[in-house]
2 protein chains.
Amino acid sequence: MAQGTKDQLLLTARNLFAERGFYGVSIANIADKHGLTKQALLHHFPTKEKLYGQVLKEISEELDDLMAAARSSSDDPKTQLMSLFQGFVSDTHGEAVRTRLLMRELLDNKHRAETAGAWYLKAFLKNLVKMAKTLPGWENVPDSQALALVYQLLGAVNYYAISQPTLRGVFGAKGAKALNDCYIDQLNRVMHAAFSPPPTLMK
Amino acid sequence: MAQGTKDQLLLTARNLFAERGFYGVSIANIADKHGLTKQALLHHFPTKEKLYGQVLKEISEELDDLMAAARSSSDDPKTQLMSLFQGFVSDTHGEAVRTRLLMRELLDNKHRAETAGAWYLKAFLKNLVKMAKTLPGWENVPDSQALALVYQLLGAVNYYAISQPTLRGVFGAKGAKALNDCYIDQLNRVMHAAFSPPPTLMK
DNA sequence: CAAATTACCTACCAGTCGGTAAGTAAATTC
DNA sequence: GAATTTACTTACCGACTGGTAGGTAATTTG
């Protein structure tokens with residue numbers, strides 16, 4: 001059952017880091033949730049940073065899986081991209097936790113030493129750009145233009161995802177629900193407009 | 001010079017909180033930057049939370065100013081909204097700091113006690129919705145639909161703004177510059193599409 | 001069955017956290 | 001010019017931080 005404990009600690013660490021951030025969580029907090037001492041945690045992970053790094057690594061692999069799933073879901077690049085971005089808005093618990101953690105990482109990685117963590121993003125963005133450039137009319141567009149397209153959508157859905165608790169606090173559960181219905185429509189409308197027409201072609 | 005020291009401490013606190021987050025900064029860190037002891041800081045602000053609250057209050061007032069400026073910049077609501085959102089993307093230092101801090105607040109306020117901090121957003125969103133509903137064809141749309149519109153754009157520009165250091169790290173200064181040029185075009189194109197046609201009218 | 005490994009524990013460390021108490025030197029007020 | 005207020009200081013406090021050292025009971029391995 002060694003692997004079991006380790007995996008459970010990783011999961012708890014992910015949830016807590018997503019909720020309160022790297023500095024807002026102590027290794028004792030994480031161990032406590034399993035009735036363990038922090039030394040037991042340090043037996044499985046040599047340092048707090050390594051533990052965090054492991055969480056980040058797992059998540060970056062999940063992002064790859066997400067990309068692969070989107071790619072195999074359809075032959076139409078437009079459908080692929082739309083289902084991918086819609087996935088971020090769906091309020092699965094796991095999705096929300098991942099998005100929160102990655103948003104924190106985006107805010108923090110400039111300052112924490114392990115810049116290696118930032119490169120999960122590079123691979124993910126590269127895949128996204130590649131996918132966008134299979135859209136009809138986007139084949140010969142410069143990379144930066146395709147990146148601008150996907151980054152804009154990525155920003156919209158990620159921001160919306162992490163805002164969910166606050167939005168519920170401000171507008172209530174009913175208001176948040178109404179917003180959610182509108183948001184998906186609005187997102188689809190904008191994606192439709194953003195994807196379908198090739199922008200001004202000049203290189 | 002009392003007010004001077006206090007204001008300087010507030011500014012430093014804002015910068016550090018934006019950079020490292022509430023838990024990543026100690027009051028001693030802030031005081032050190034002015035050659036003071038943390039007890040000197042506690043003389044001006046009774047607790048760390050109060051200091052943070054003060055920073056947040058100032059920022060929420062600045063958001064009001066930003067709204068007012070946008071409103072008085074033009075008579076055309078489309079122009080008003082476009083200049084407002086473009087403002088978030090402009091990489092002024094002050095703007096970047098504010099955006100980072102508000103993003104952190106969005107992630108944290110669920111957990112920190114003072115939920116009062118979240119209500120800066122309510123006023124700002126209310127103003128945005130009001131402005132969006134003066135767009136031609138949007139007058140009779142439900143609030144939640146207008147909110148979906150502005151929140152999507154808000155998410156895109158805020159996420160982009162906080163990503164700037166990471167993007168420079170991943171793509172280099174040159175790549176980030178190329179992206180920036182494309183991004184503003186892309187943003188304008190999407191805003192144009194999102195604002196001008198009234199969505200399907202049914203209520 | 002002996003040896004080694006695993007999975008934990010208690011005890012401890014130096015350093016930092018936010019905050020309090022009490023004092024002081026200088027400026028302001030009456 | 002005496003009293004008060006302002007703007008700090010040093011000296012603490014208990015709680016907590018990440019991490020080390022060393023031990024133990026149970027399991028796995030040879």
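Throughout, protein chains are lettered first and strands after them, A, B, ... in sequence-line order, and every chain is numbered starting at 1.
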Return the value, rounded to whole Å, for the distance between atom [atom1] of [X] and atom [atom2] of [N].
| X | N | atom1 | atom2 | answer |
| --- | --- | --- | --- | --- |
| Asp32(A) | dC16(D) | CG | P | 11 Å |
| Leu9(B) | dT6(D) | CG | C1' | 15 Å |
| Phe45(A) | dG18(D) | CZ | P | 15 Å |
| His34(B) | dC8(D) | NE2 | P | 11 Å |

With a 4.0 Å limit, can you tell me whether His44(B) has a side-chain N or O closer than that to the phosphate oxygens OP1/OP2 of dC8(D)? yes
Return no unless some side-chain N or O of His43(B) is found under 4.0 Å from OP1 or OP2 of dT9(D). no
Distance-only donor-acceptor check, side chains Asn29(B) and Arg20(B), under 3.5 Å: yes
Looking only at side-chain N and O atoms, does Thr12(A) offer a donor or acceptor that is under 3.5 Å from a partner on His34(A)? yes
Identify every side-chain donor-acceptor pair in residues 153-160 of chain A under 3.5 Å, counting partners at least two apart or on other chains, and give the distances.
unit_1: Asn158(A); atom_1: ND2; unit_2: Leu154(A); atom_2: O; d: 3.4
unit_1: Asn158(A); atom_1: ND2; unit_2: Tyr159(B); atom_2: OH; d: 3.3
unit_1: Tyr159(A); atom_1: OH; unit_2: Asn158(B); atom_2: ND2; d: 3.3

Between the side chains of Glu62(A) and Arg14(A), is the shortest nitrogen-to-carboxylate-oxygen separation below 4.0 Å, so that they form an ion pair?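 A salt bridge is present here (some side-chain N lies under 4.0 Å from a carboxylate O).
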Using a 4.5 Å cut-off on heavy atoms from C-beta on, say whether the side chain of His93(B) contacts that of Asn15(B). yes
Starting at the 5' end of nucleotides 9-24 of chain C, put B wherever the base has a protein heavy atom under 4.0 Å, S where only the sugar-phosphate does, and a dash everywhere else. BBB-----SBBB----
Audit row: Lys126(A), Asp143(A), salt bridge (Lys or Arg N to Asp or Glu O under 4.0 Å) steps and yes/no: CA-CA 9 Å; Lys126(A) 207 175 143 189; Asp143(A) 276 15; over 6 Å; no
